[in-house]
**Q** 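Quick one: the structure is below, and I'll ask about it shortly.
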Amino acid sequence: MSKFLSEKLSALKEYTPGEQPQDKKYIKLNTNESPFPPSQGVIDGVNGKKVADLRLYSDPECKLLKEQLATVYSTTPDRVFLSNGSDEVLNFAFMAYGSNGVAFADITYGFYSVFCDLYGLKADVVRLNEDFSLNVDGFCGKNKLVVIANPNAPTGMDIPLSDVEKILQSNSKNVVVIDEAYVDFGGTSAVELTKKYKNLLCVQTFSKSRSMAGARLGFAIADKEIIADLEKIKYSTNPYNVNSLTQVAGLCALKENDYYMQNAKRIIQNREWTNDQLLSLGFEVLPSKANFIFAKTDKISGKDLYIKLKEKGVLVRHFDKPRISEFNRITVGSLEQMQVFIEKVKEILGELK
Ligand SMILES: *Cc1c(COP(=O)(O)O)cnc(C)c1O
């Protein structure tokens with residue numbers, strides 16, 4: 001760190017992304033990417049002509065993408081916002097609505113606390129229940145920005161829409177962000193509720209269920225006033241936040257939406273298979289509605305399992321944090337990948353004295 005950085009930013013503890021090793025080939029189950037490639041339309045769509053068009057700025061309005069998303073999600077383009085990954089729209093939401101403080105769970109997506117620190121916002125950390133379910137009452141009547149990942153990460157557990165509505169109704173004077181990064185893997189989306197609740201901001205991403213983590217494309221659906229706020233921030237920071245290749249890729253992906261929803265179903269099947277295997281090996285597994293599994297065993301520590309799996313070429317995610325340090329988060333990949341993962345777990349357990 002240089003001596004030039006402000007005191008406030010020097011103290012900031014930045015977000016730590018999962019490893020993206022470039023050295024050797026791992027079975028990569030650590031960052032919740034899809035094992036499936038983008039659809040053929042995306043591969044064809046990002047062609048030579050589109051690359052040549054890189055000399056032009058991208059469409060700052062993301063018009064075609066907004067229209068297509070509006071069609072897929074049965075809403076109108078003025079209720080849609082596009083961002084450079086969903087991290088960016090989350091960033092904007094904290095910037096826009098966090099001044100009274102921000103309520104989020106003690107165990108959830110790590111970026112929420114980073115945004116709080118970055119903007120000097122007061123974090124109101126609501127402890128998950130002992131079984132890692134969300135403390136719904138703890139999020140009611142907050143009078144500040146509320147941010148909930150549903151399904152939650154890294155637990156994979158979700159709350160029903162009735163609970164989302166309860167939280168929305170008791171927070172009618174403040175914005176409630178529902179981060180739906182994993183909703184396509186069996187959760188229930190609150191997007192429909194954006195027509196009923198003006199304070200609801202639903203955030204989704206192309207990174208997980210749509211096999212496009214590297215393209216950086218996220219979106220939000222909300223009442224048009226919230227969308228206008230987000231646009232204002234976007235035009236005050238980076239009007240061309242979504243590059244032109246990504247806009248094409250996103251548009252092509254939406255036109256082949258069935259392919260991605262089929263893939264999500266395959267992931268769900270692979271998740272249930274892996275879940276059963278881990279249970280039969282004596283693991284405790286949280287009930288997941290996401291493309292990952294959060295599991296622990298008293299036979300080996302979370303950290304040791306992570307290290308031994310890595311030695312055997314399987315990368316999972318371990319969080320050295322209170323309450324969850326015995327767990328590992330395992331991304332659900334293809335069935336072949338999950339079979340190797342289970343094989344390696346069996347080997348490791350067998351090698352214990
Ligand atoms: C992965 C993830 C995101 C961010 O994904 P982007 O790649 O920035 O779209 C947001 N929220 C949660 C809970 C996530 O797990």
Side-chain angles (χ1 to χ4, degrees), residues 14-20 28-35 38 62 65 69 80-95 102 104-116 118 128 132 134 145-159 164 176-187 189-191 201-221 230 234 238 241-243 246-247 249-250 253-254 260 264 267 271 286 288-294 316-317 319 321 324 327 329-333:
E14 66 271 34
Y15 177 73
T16 319
E19 300 163 82
Q20 295 289 357
K28 203 171 165 302
L29 307 177
N30 69 328
T31 49
N32 299 341
E33 291 143 330
S34 173
C62 301
L65 256 181
L69 276 168
V80 180
F81 180 77
L82 272 303
S83 63
N84 190 314
S86 58
D87 288 337
E88 187 182 52
V89 65
L90 292 169
N91 176 8
F92 290 174
F94 277 73
M95 202 192 295
V102 190
F104 53 88
D106 62 337
I107 296 163
T108 190
Y109 187 41
F111 234 129
Y112 304 156
S113 62
V114 176
F115 288 137
C116 267
L118 177 62
L128 294 182
F132 296 105
L134 196 82
L145 177 64
V146 169
V147 183
I148 293 169
N150 191 35
N152 195 13
T155 64
M157 292 170 69
D158 72 336
I159 54 170
V164 173
V176 175
V177 174
I178 304 292
D179 181 347
E180 299 187 331
Y182 299 106
V183 77
D184 293 331
F185 302 104
S189 175
V191 163
L201 174 55
C202 280
V203 176
Q204 290 197 22
T205 176
F206 281 64
S207 294
K208 279 67 187 235
S209 59
R210 290 197 175 95
S211 301
M212 279 178 36
R216 313 305 304 128
L217 186 60
F219 64 95
I221 297 180
L230 297 171
K234 175 184 110 167
N238 186 10
N241 63 337
V242 182
N243 75 73
T246 293
Q247 290 196 29
L254 288 170
Y260 297 98
I267 295 290
R271 179 182 73 209
L286 298 189
S288 172
K289 291 284 179 65
N291 67 338
F292 55 81
I293 283 175
F294 207 46
V316 298
R317 187 101 195 247
F319 299 92
K321 291 199 173 145
I324 56 169
F327 284 84
R329 191 192 69 187
I330 304 120
T331 301
V332 178

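Order of listing sets the numbers, starting from 1, for every ligand and every atom in it.
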**Q** Do the side chain of Asn84 and the main chain of Asn241 share a donor and acceptor less than 3.5 angstrom apart?
**A** yes
**Q** Take the angle between the ring planes of Tyr15 and Phe111 and call it parallel below 30°, perpendicular above 60°, tilted in between.
**A** parallel
**Q** If you compare all heavy atoms of Asn32 against all heavy atoms of Asn291, which two are closest, and at what distance to 0.1 Å?
**A** O-ND2, 3.0 Å
**Q** Would you say the side-chain atoms of Thr205 and Lys208 include a donor-acceptor pair closer than 3.5 Å?
**A** no
**Q** Relative to the ring of Phe206, is the ring of Phe219 parallel (under 30°), tilted (30 to 60°) or perpendicular (over 60°)?
**A** perpendicular
**Q** Stepwise, does the ring pair (Phe, Tyr, Trp, His ring centres under 6.0 Å) test hold for Phe115 with Phe104?
**A** CA-CA 12 Å; Phe115 288 137; Phe104 53 88; over 10 Å; no
**Q** What short N/O contacts, under 3.5 Å, does ligand 1 make with the protein, listed by atom pair and distance?
**A**
{"from": "ligand 1", "atom 1": "5 (O)", "to": "Ser86", "atom 2": "OG", "distance (Å)": "3.3"}
{"from": "ligand 1", "atom 1": "7 (O)", "to": "Ser207", "atom 2": "OG", "distance (Å)": "2.6"}
{"from": "ligand 1", "atom 1": "7 (O)", "to": "Arg216", "atom 2": "NH1", "distance (Å)": "2.7"}
{"from": "ligand 1", "atom 1": "7 (O)", "to": "Arg216", "atom 2": "NH2", "distance (Å)": "3.3"}
{"from": "ligand 1", "atom 1": "8 (O)", "to": "Ser86", "atom 2": "N", "distance (Å)": "3.2"}
{"from": "ligand 1", "atom 1": "8 (O)", "to": "Asp87", "atom 2": "N", "distance (Å)": "3.0"}
{"from": "ligand 1", "atom 1": "8 (O)", "to": "Asp87", "atom 2": "OD1", "distance (Å)": "3.4"}
{"from": "ligand 1", "atom 1": "8 (O)", "to": "Asp87", "atom 2": "OD2", "distance (Å)": "3.1"}
{"from": "ligand 1", "atom 1": "8 (O)", "to": "Arg216", "atom 2": "NH2", "distance (Å)": "2.7"}
{"from": "ligand 1", "atom 1": "9 (O)", "to": "Ser86", "atom 2": "N", "distance (Å)": "2.7"}
{"from": "ligand 1", "atom 1": "9 (O)", "to": "Ser86", "atom 2": "OG", "distance (Å)": "2.9"}
{"from": "ligand 1", "atom 1": "9 (O)", "to": "Thr205", "atom 2": "OG1", "distance (Å)": "2.5"}
{"from": "ligand 1", "atom 1": "9 (O)", "to": "Ser207", "atom 2": "OG", "distance (Å)": "3.3"}
{"from": "ligand 1", "atom 1": "11 (N)", "to": "Asp179", "atom 2": "OD1", "distance (Å)": "3.3"}
{"from": "ligand 1", "atom 1": "11 (N)", "to": "Asp179", "atom 2": "OD2", "distance (Å)": "2.6"}
{"from": "ligand 1", "atom 1": "15 (O)", "to": "Tyr182", "atom 2": "OH", "distance (Å)": "2.5"}
{"from": "ligand 1", "atom 1": "15 (O)", "to": "Lys208", "atom 2": "NZ", "distance (Å)": "3.1"}

